[in-house]
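A quick write-up on the structure given underneath.
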Amino acid sequence: MTKDFVFLLVLMATAIFRSDPIIAEDTSPITVVSPDGRIALIVSVIPSQPVTYSIVFNNTQLITPSSLGFDTDNDQLKMLTPIASTTITAHDESYKPTWGKRSFIENKFNQLTLSTVSSTNPNNKVDIIFRAYNNGITFRYIIQSLENANTITLNNDNTEFNFTQDYNVYFTAGEHAPKGPYLLSSLEKRTRPITRTDKRGKTRTRTNPLHSPALIDVSPHAFISIHEADLINFAPLNYRANSNNPNSMLAKIQASTVNIPFTSPWRVITITSNLNQQLESTLIEQLNPPCAINDTSWIKTGIANTENRNWGAIIPPNSQFPEGYRYGKTMDSYKRLIDHLSRNGQPFFMIDSGWYGNQRDIESDPLTPKQENDHETAAKFYRSTAELMKKYRGQIDMPALIQYAKDRNVDIIIYINDLIRRQRGIDGLRKVFETYKQWGAAGIKYGFMSESPQQSKVNVTRKIVQMCADLQLYINFHDGPIHPTGEQRTYPNFLTREYCHAQGDASRCYKPNEFLRTVFVNMLAGPLDMQNGFFDLSSDLVGERFQVRQPVYSTAVSEAARCMIVDSGMIILADHDIAYDKKADLFQFINHLTGKWDQTKILQAQYGKLITTARKTNNTWLVASVSDEQGSTNTIYLDFLDKNKTYTATLFEDAKDAHYINNPEAYTVRTITVKANDSFTFTAAPGGGFAAIFKPNK
């Protein structure tokens, strides 16, 4: 497609935008441009021919004509063809979110509503809603009516993403680091099932699913990510190879049965000039309905601590502990951690699994703490001994602990396993939550939902989120949750989820490159619970801590920086109070983290190598940077600061001899005065990072 032809399309789109309704008998494509004119969506509307879409960005075609629609029984929605008349309309639905990357979000777009019918039956009617934003194209299907049917099973999503070239693509991979780069042309081979026979003669078939979101490197023109938004009553989006086009991929879903009329989730194609802007985007959130909670005054964000990662940490004998101290899942250790949160004005303490017994035992009662009676089972699970479990797992008086925390302005988040819902039903689960609320708990950490099929898992997730909103409880899903699709706009009590792997969980910790890959792909979907913030990095973490089974590959400065870089309404720390008190100066950076930001800017972004993020809260700017195993020397420009002010900058830097393996805790702190037209250079150690606080001078 030539630049002149693209320019002609944009002119045509402008004319269409100002003209009378478009008549479908006209065979000319309909073009919708973004408000800033950089993105053009071209929709083919030839009568009796399938509707297709293509995308042009900055006068370069990125996506060639791609098909739309669903695979159904009896071809009920085969080949959607255009009918009737339609118009393009402009919208400005800008809003102030409860929390997130920025305090005000411009939600401006141009929208096309296209009426179509199935080529096999003109009484099967589907509207396709297209939107052009300044940073992407979105569309969704509204199945309006079917002849002689009130329900339909959508066996697969046949939406195509046909690119102009064989680009590299990256995919999320559950609790592992993202997959890729994969060439589009290799997807069919990479997703082919592999059957192997193990040493015991058991045959296993392994698949290589392609999970959402997907990140496509369309250099030098753009970066593109593909995901979905407003996922309700529908199986989550994944991807598959397109055997008809090597430069393409297809959407993929599990079969979903829906009532008619039905509105699908949005298919979201975020298009930006660089990788930085991908992580700055709020497009997924924007496509969700407005906040459904009338009074959000009870919702707060910020730092939490969880006992699970510091459980077992050993403090050598000292003046405070003449005989030493070891952290346990005990009332005493929990109170120590709560006291530290209280001293620092931080809002949340999260109780993890085990407090009501073996979470996988149907006899365990989530209203009756009994972990001290379960030492043998715990010893096997945590690869320890019953003697150690008995010594460092004690009876928890949960109502008393909640009251202890409330007296110190700290809210408790309680863990529960999905087994309780499967045993007692959704109404029984609500009664448990109501009891927790009566105890004074503030929220739920929800683990191991094993609902099947995926459409049902989506629906159960939404019911639990709504239930928690009704009870004014926060919710944090772990262990293979449904991927984020912007729900935090509608239900801001949904603060985070483990759509990655929490640091130290599943016997793994992030290597620097793995961390950087994860934030560049998984975080495109939404907030993540990654549980960074280890400060005690020189101890034998694997030997001491029952839930850390691999070294933490990071420096102390990098761990502080990671806490800010990862988007989350609840920033969950992994270490204990003494580790943080020993580095009280560095901990001041964490004390500034709120999860609720006025602005967010990605200053530097190199996939798998480097990220530097700036966030503003009130009048203070924070900067955090993380580098890969090679380290880096970086110059950043302070043009994001207020041009009419000077700032005192407190800089937290890896020491010259710091190293993520050999010397992870070495760092320096210095203070300088800066202004908006300044720049400065910092060096991150191998596997290290950088953090800074910029406070305006009066």
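Residues Ala574 and Phe534 approach most closely at CB-CE1, 3.4 Å, considering heavy atoms. Minimum heavy-atom separation, Ala556 to Leu537: N-CD1, 3.4 Å.
Considering OG1 of Thr306 and CG of Asn310, their distance stands at 7.5 Å, rounded to 0.5 Å.
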Please step through side-chain contact (heavy atoms from CB on, under 4.5 Å) for the pair Met564 and Arg615, ending with a clear verdict. CA-CA 8 Å; Met564 193 198 85; Arg615 301 191 194 269; 3.9 Å; yes

Test side-chain contact (heavy atoms from CB on, under 4.5 Å) on Leu283 and Thr138 and set out the steps. CA-CA 9 Å; Leu283 186 53; Thr138 72; 4.2 Å; yes

side-chain contact (heavy atoms from CB on, under 4.5 Å) evaluation trace for Phe680 with Leu638: CA-CA 8 Å; Phe680 71 88; Leu638 305 181; 3.8 Å; yes

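Both the sub-6.0 Å distance and the 45° axial angle are satisfied by Arg489 relative to the ring of Tyr95. Remark: Arg497 fails to qualify as a cation-pi partner of Phe477 under the 6.0 Å distance and 45° angle criteria applied to the six-membered ring.
Here the two rings, on Tyr553 and Phe515, have centers that are 6.0 Å apart or farther. Between His211 and Phe171, the ring centre distance reaches or exceeds 6.0 Å. Centroid-to-centroid, the aromatic rings of Trp266 and Phe139 stay 6.0 Å apart or farther.
One side chain, Thr172 or Tyr499, offers a donor N or O that lies under 3.5 Å from an acceptor on the other. Defined by atom type and a distance below 3.5 Å, a donor-acceptor pair is present between the side-chain atoms of Ser539 and Asp536. Defined by atom type and a distance below 3.5 Å, a donor-acceptor pair is present between the side-chain atoms of Glu498 and His478. No side-chain donor-acceptor contact under 3.5 Å links Thr650 and Arg670. Glu487 and Thr485 are linked by a side-chain donor-acceptor pair at a separation below 3.5 angstrom, with hydrogens and angles left out of the test. Using modelled atom types, one finds a donor on one side chain and an acceptor on the other under 3.5 Å when comparing Asp654 with Thr555. A donor-acceptor contact under 3.5 angstrom links the side chains of Thr681 and Thr635, judged on distance only. When only modelled atom types and interatomic distance are considered, Tyr647 and Asp678 share no side-chain donor-acceptor pair under 3.5 Å. A donor atom on one side chain and an acceptor atom on the other are found under 3.5 Å apart for Glu665 and Ser538. Side-chain contact check for Ser34 and Asp36: at least one donor-acceptor pair (N or O, by modelled atom type) lies under 3.5 Å. In the model, Glu559 has no side-chain atom that pairs as donor or acceptor with a side-chain atom of Asn532 under 3.5 Å.
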If you look only at distance, which donor and acceptor atoms sit under 3.5 Å apart when one is on a side chain in residues 213-231 and the other is two or more places apart or in another chain?
{"unit_1": "Asp217", "atom_1": "OD1", "unit_2": "Ser219", "atom_2": "N", "d": "3.0"}
{"unit_1": "Asp217", "atom_1": "OD1", "unit_2": "Ser219", "atom_2": "OG", "d": "2.3"}
{"unit_1": "Ser225", "atom_1": "OG", "unit_2": "Gln278", "atom_2": "OE1", "d": "2.6"}
{"unit_1": "His227", "atom_1": "ND1", "unit_2": "Ser212", "atom_2": "OG", "d": "2.6"}
{"unit_1": "His227", "atom_1": "NE2", "unit_2": "Pro484", "atom_2": "O", "d": "2.7"}
{"unit_1": "Glu228", "atom_1": "OE1", "unit_2": "Arg267", "atom_2": "NH1", "d": "2.8"}
{"unit_1": "Glu228", "atom_1": "OE2", "unit_2": "Leu237", "atom_2": "N", "d": "2.7"}
{"unit_1": "Glu228", "atom_1": "OE2", "unit_2": "His483", "atom_2": "NE2", "d": "2.6"}
{"unit_1": "Asp230", "atom_1": "OD2", "unit_2": "Arg140", "atom_2": "NH2", "d": "3.0"}

N/O donor-acceptor pairs under 3.5 Å from side chains in residues 683-695, not counting sequence neighbours:
{"unit_1": "Thr683", "atom_1": "OG1", "unit_2": "Thr633", "atom_2": "OG1", "d": "3.2"}
{"unit_1": "Lys695", "atom_1": "NZ", "unit_2": "His592", "atom_2": "NE2", "d": "3.2"}

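Only one option out of Tyr182, Tyr239, Tyr607 pairs with Tyr170 in a ring pair (Phe, Tyr, Trp, His ring centres under 6.0 Å); it is Tyr607. Checked against Asp575 for a salt bridge (charged side-chain N to carboxylate O under 4.0 Å, His left out), the options Lys582, Arg545, Arg309 give a single hit: Arg545.
Ring-plane geometry between His91 and Phe109 is classed as parallel, the angle between the planes falling under 30 degrees on a 0 to 90 degree scale with a further cut at 60. In this structure, Tyr474 and Trp298 have tilted ring planes: the angle between them lies in the 30° to 60° band.
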